[in-house]
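Have a look at the structure below before the remarks.
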Amino acid sequence: MSLKLFHCHEARSMRSLWLIHELNLELDLITLSFGGSTRSEQYLACHPLGRVPCLVDGDLTLFESGAITEYLCETYDNGELWRAPGHSERAQWLQWLHYAETMTVHAASLTQQAIAIFEPQLRSVTVQKLETRRLQKAIEVIETHLSGRDYLLESGFSAVDVGIGYSLHVGRLFTDISIYPNVCAYYQRLSKREAFLKSLPEEGAKDRIYTQENYWYPQ
Ligand SMILES: N[C@@H](CCC(=O)N[C@@H](CS)C(=O)NCC(=O)O)C(=O)O
């Protein structure tokens with residue numbers, strides 16, 4: 001039986017979708033409209049907050065993109081994308097797995113400010129400035145870490161590059177990453193991967209969250 005993934009274009013479920021493609025697994029992809037069908041009674045029975053991603057594998061229903069990453073690696077990876085308990089890079093793998101969310105919460109807050117809050121007068125200049133700076137500082141950590149390496153772990157590409165790669169994919173919409181040479185080269189490297197390209201919305205897709213080239217807030 002194939003996996004089922006509940007997804008919204010460009011949402012955190014892109015992490016799970018990208019990883020499933022990296023793992024070459026069969027997938028039944030259900031694309032929901034952001035803030036629309038994610039609120040249906042049927043979907044709320046899968047994810048009580050109506051958020052994405054949510055993965056169904058047989059009798060198991062699982063939400064939280066980080067947990068889905070661990071589960072998919074633990075269950076389906078042949079040792080390439082996971083760093084299992086006991087592996088010398090296990091602790092670093094876990095650190096970057098969770099750091100991906102540290103980065104994305106800032107982009108999510110900026111998404112709320114720039115897109116989800118329709119009325120401009122309800123948006124907060126303070127929140128937008130603060131979250132942009134906090135996002136930049138989080139990216140600076142990656143910039144420093146990537147000095148002299150192509151991927152987060154010494155041993156090469158792994159599932160944590162998918163998690164952080166998604167954080168940069170959205171983060172770059174809220175701050176100019178071209179000023180970070182290591183991050184910029186890393187994002188370009190990741191965004192050429194076939195599995196990454198397969199996880200993007202198809203040309204002309206409806207229900208995209210992001211419709212502008214960027215949402216940079218003037219600092
Ligand atoms: N920490 C969760 C966050 C899930 C989440 O908030 N997803 C967003 C999309 S990026 C969502 O579904 N938002 C809809 C909402 O807040 O109503 C994860 O990594 O899966």
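When a ligand or atom number is given, it counts from 1 through the structure's own listing order.
Within the set E64, Q112, E101, R51, the minimum heavy-atom distance to atom 11 (C) of ligand 1 is found for R51. Proximity annotation for atom 12 (O) of ligand 1: of T104, V52, T111, V170, V52 comes nearest, heavy atoms only.
The shortest heavy-atom distance from H47 to ligand 1 is not under 4.0 Å. G35 does not count as a contact of ligand 1, since none of its heavy atoms falls under 4.0 Å from the ligand.
Of the protein's heavy atoms, S65 N, 2.8 Å lies nearest to atom 20 (O) of ligand 1. Closest protein heavy atom to atom 8 (C) of ligand 1: R12 NH1, 3.7 Å. Among protein heavy atoms, atom 15 (C) of ligand 1 sits closest to R39 NH2, 3.7 Å.
In the model, T104 has a side-chain atom that pairs as donor or acceptor with a side-chain atom of S167 under 3.5 Å. Between S155 and R83, the side chains place a donor N or O and an acceptor N or O closer than 3.5 Å (distance only, hydrogens not considered). Of the N and O atoms on the side chains of R12 and S65, not one donor lies less than 3.5 Å from an acceptor on the other residue.
The side chain of F34, and not its backbone, has at least one atom closer than 4.0 Å to an atom of ligand 1 (non-hydrogen atoms only; side chain from C-beta on).
When atom types are taken as modelled, the side chain of E10 and the backbone of I209 share a donor-acceptor pair closer than 3.5 angstrom.
Across Y166 and A11, no two heavy atoms sit closer than the pair OH-C, 3.1 Å.
Cation-pi geometry between R193 and F157 is met: under 6.0 angstrom from the ring centre, within 45 degrees of the axis.
With I164 as reference, Y186 is the one residue of Y187, Y186, Y151 to meet the side chain to side chain contact (heavy atoms under 4.5 Å, CB included) rule.
Listed by number with element, the atoms of ligand 1 under 4.0 angstrom from any heavy atom of P53 are 20 (O).
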